[in-house]
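No experiment lies behind these values; they were computed from the predicted model shown.
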Amino acid sequence: MGSSLLVLMFMACLMEAALVSGNFYKDVDITWGNERAKILRAGRLLTLSLDKFSGSGFQSKNEYLFGRFDVQLKLVPGNSAGTVTTYYLSSQGPSHDEIDFEFLGNVSGQPYTIHTNVYSQGKGNREQQFHLWFDPTTSFHTYSIIWNPRRIIFMVDDIPIRVFHNDEAAGVPFPKNQPMRVYSSLWNADDWATQGGRVKTDWSLAPFTAAYRNFNVNACLSSSSGSSCGAKSSDAFTADQAWQTQDLDARGRNRLRWVQKKYMIYNYCTDFKRFPQGLPRECKR
């Protein structure tokens, strides 16, 4: 299907969209970790904790096909080495699609690493990694995924850090057919997360805790009953659906270049050792 036709069909179905705004009781299910995951302040705050026995996580109650997904997150403070906090979209099955934010902890005084990836039809290997221009443990910051038929935009405090374009015309798979839920978790990955696994989790500092608030989903709902892009998943609704065709303007492109020049620490599109037979096709854009 041509990209123009896909966009036209997408826009036709999105006369309305769902807006989920900020109540964790209504919006998510705690999926693992038992008492390590807590919803507080009448649903306005959620915390995930990790100890030596288990981490914890949650998922959205609904599945979505395209949308904007925002959350404010305060990461594990202090010595967070070995810990990974995640915020991502994913479908299910061996040929799943996935759009990832992962926050890799570090020893005190060293920066977190933001690890991003895009999977389509079960294939990932599209990693880009960044440091941040602030301390993400002292206050809440907003992390956003914008997913529409033409591109995926990763944003931090409304500053774009990465754009993954739909290059299906060049034979590059793009996630566009599988509805996805929002997931988040806090878990131990000290075999690889910090300095390649050289620094292990210090369990004497447990429990490790990350906090979430202002979880907002402005998206097209998916359900087993068929198309439900016009369904409303909460009492709130907005006519602002800019995410449907969102791209970067001149200011956004300048900010993206600033982040990638100063704070990007790994880009699969420049890793010639990893791809000796040639870089992936989307890297030639």
Participant: Quick one: do D27 and R213 make a salt bridge, cutoff under 4.0 Å?
Facilitator: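 Salt bridge flag = no for R213 with D27.
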Participant: Ring centres under 6.0 Å, that's the criterion: do F24 and Y212 meet it?
Facilitator: no
Participant: Start with the C-alpha gap between F154 and I114, add the side-chain angles, then the distance that decides, and say whether side-chain contact (heavy atoms from CB on, under 4.5 Å) holds.
Facilitator: CA-CA 11 Å; F154 296 79; I114 293 187; over 6 Å; no
Participant: Are the side chain of R68 and the backbone N or O of N218 linked by a donor-acceptor pair below 3.5 Å?
Facilitator: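 Answer holds: no.
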Participant: Any side-chain heavy-atom pair from L75 and S80 closer than 4.5 angstrom?
Facilitator: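 A side-chain contact under 4.5 Å is absent here.
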Participant: Would the distance check show the side chain of T142 and the main-chain N or O of V71 forming a donor-acceptor pair, the cut-off being under 3.5 Å?
Facilitator: no
Participant: Ignoring hydrogens and angles, tell me if any N or O in the side chain of T47 forms a donor-acceptor pair with the backbone of A211 under 3.5 Å.
Facilitator: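 Looks like no, no N/O pair under 3.5 Å.
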Participant: Do K176 and F66 have side chains that approach each other closer than 4.5 Å (heavy atoms only, starting at C-beta)?
Facilitator: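 Result yes, sub-4.5 Å side-chain heavy-atom pair found.
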Participant: Say whether, by atom type as modelled, one donor and one acceptor occur between the side chain of N148 and the main chain of W243 under 3.5 angstrom.
Facilitator: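 Checked: pair present.
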Participant: Name all residues meeting the side chain to side chain donor-acceptor pair (under 3.5 Å) criterion together with R255; count only those two or more places apart in sequence or in a different chain, and write none if there are none.
Facilitator: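 Residues passing side chain to side chain donor-acceptor pair (under 3.5 Å) with R255: none at all.
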Participant: What's in the same ILVMFWY side-chain cluster as L40, cut-off under 4.5 Å, chained through other members?
Facilitator: L45, F140
Participant: Between S56 (side chain) and G33 (backbone), is there a donor-acceptor pair under 3.5 Å?
Facilitator: no
Participant: Given side chains that start at C-beta, do those of E63 and L65 come closer than 4.5 Å, heavy atoms only?
Facilitator: no
Participant: List the steps, then state whether side-chain contact (heavy atoms from CB on, under 4.5 Å) holds for T113 with H131.
Facilitator: CA-CA 5 Å; T113 295; H131 288 156; 3.6 Å; yes
Participant: Under 3.5 Å, is there a donor-acceptor pair between the side chain of N267 and the main chain of C269?
Facilitator: yes
Participant: In terms of heavy-atom contacts, does NZ of K61 have more than 12 from other residues, nucleotides or ligands at under 6.0 Å?
Facilitator: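 Result for NZ/K61: enclosed.
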Participant: Would a single hydrophobic cluster contain both Y25 and V182, if residues Ile, Leu, Val, Met, Phe, Trp and Tyr are joined by side-chain heavy-atom contacts under 4.5 Å?
Facilitator: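 Yes: a chain of side-chain contacts under 4.5 Å links V182 to Y25.
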Participant: With a 3.5 Å cut-off and no angle check, do the side chains of N254 and R251 form a donor-acceptor pair?
Facilitator: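 No, R251 and N254 have no side-chain donor paired with an acceptor closer than 3.5 Å.
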Participant: With a 4.5 Å heavy-atom cut-off, do T86 and D100 have their side chains touching?
Facilitator: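 With C-beta onward as the side chain, the pair stays apart.
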Participant: Are side-chain heavy atoms of W258 and W133 found at a separation under 4.5 Å?
Facilitator: yes
Participant: Looking at K200 and D190, would you say the former's side chain and the latter's main chain have a donor-acceptor pair under 3.5 Å?
Facilitator: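 Indeed, once roles are kept as given, a pair shorter than 3.5 Å links the two residues.
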Participant: Just checking F53: does its CZ atom have more than 12 heavy atoms from other residues, nucleotides or ligands closer to it than 6.0 angstrom?
Facilitator: no
Participant: Does anything in residues 266-285 form a ring-ring contact (aromatic ring centres under 6.0 Å, His included)? List the pairs, not counting sequence neighbours.
Facilitator: none
Participant: Taking atom types as modelled and ignoring hydrogens, do the side chains of T31 and D29 form a donor-acceptor contact shorter than 3.5 angstrom?
Facilitator: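 D29 and T31 do not have a side-chain donor-acceptor pair below 3.5 Å.
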Participant: Would you say the side chains of T137 and D135 form a donor-acceptor pair under 3.5 Å?
Facilitator: yes
Participant: Could you check whether any side-chain heavy atom of F174 comes within less than 4.5 Å of a side-chain heavy atom of V172, counting everything from C-beta outward?
Facilitator: no
Participant: Quick one: which residue pairs count as a disulfide bond (SG atoms under 2.5 Å apart) with a foot in residues 143-190, not counting sequence neighbours?
Facilitator: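 Counting only pairs at least two positions apart or across chains, no disulfide bond (SG atoms under 2.5 Å apart) contact touches residues 143-190.
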Participant: Return the orientation label for the F215 and Y87 ring planes: parallel under 30°, perpendicular over 60°, tilted otherwise.
Facilitator: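 The rings of F215 and Y87 stand perpendicular, inter-plane angle above 60°.
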Participant: Is there a side-chain contact (heavy atoms from CB on, under 4.5 Å) between D97 and Y119? Walk through the geometry before answering.
Facilitator: CA-CA 5 Å; D97 293 341; Y119 288 76; 5.6 Å; no
Participant: Checking E127 against H115 for the side-chain contact (heavy atoms from CB on, under 4.5 Å) test, could you report, in this order, the C-alpha distance in whole Å, the side-chain angles of both residues, the deciding distance, and whether it holds?
Facilitator: CA-CA 7 Å; E127 302 91 345; H115 177 97; 3.5 Å; yes
Participant: Decide yes or no on side chain to side chain donor-acceptor pair (under 3.5 Å) for D70 and S144, but give the supporting numbers first.
Facilitator: CA-CA 4 Å; D70 302 290; S144 307; 2.4 Å; yes
Participant: Y88: which other cluster members, linking ILVMFWY side chains closer than 4.5 Å, directly or transitively?
Facilitator: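 Result for Y88 is Y183.
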Participant: Among R162, Q128, Q129, which residue meets the side chain to side chain donor-acceptor pair (under 3.5 Å) test with T116?
Facilitator: R162
Participant: Is it true that D51 and R36 have a side-chain N and a carboxylate O under 4.0 angstrom from each other?
Facilitator: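 Yes, D51 and R36 are salt-bridged.
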Participant: With no hydrogens and no angle check, do the side chains of T194 and N106 hold a donor and an acceptor under 3.5 Å apart?
Facilitator: no
Participant: Do the side chains of W203 and F208 get nearer than 4.5 Å, heavy atoms only?
Facilitator: yes
Participant: Transitively linked via ILVMFWY side-chain contacts under 4.5 Å: Y112 with I265?
Facilitator: no
Participant: Does I153 reach the side chain of Q246, with side-chain heavy atoms less than 4.5 Å apart?
Facilitator: yes
Participant: Running the 4.5 Å side-chain criterion over Ile, Leu, Val, Met, Phe, Trp and Tyr, what cluster does L104 land in, apart from itself?
Facilitator: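 When side chains under 4.5 Å apart are linked, the cluster holding L104 also contains W32, V84, W187, W192.
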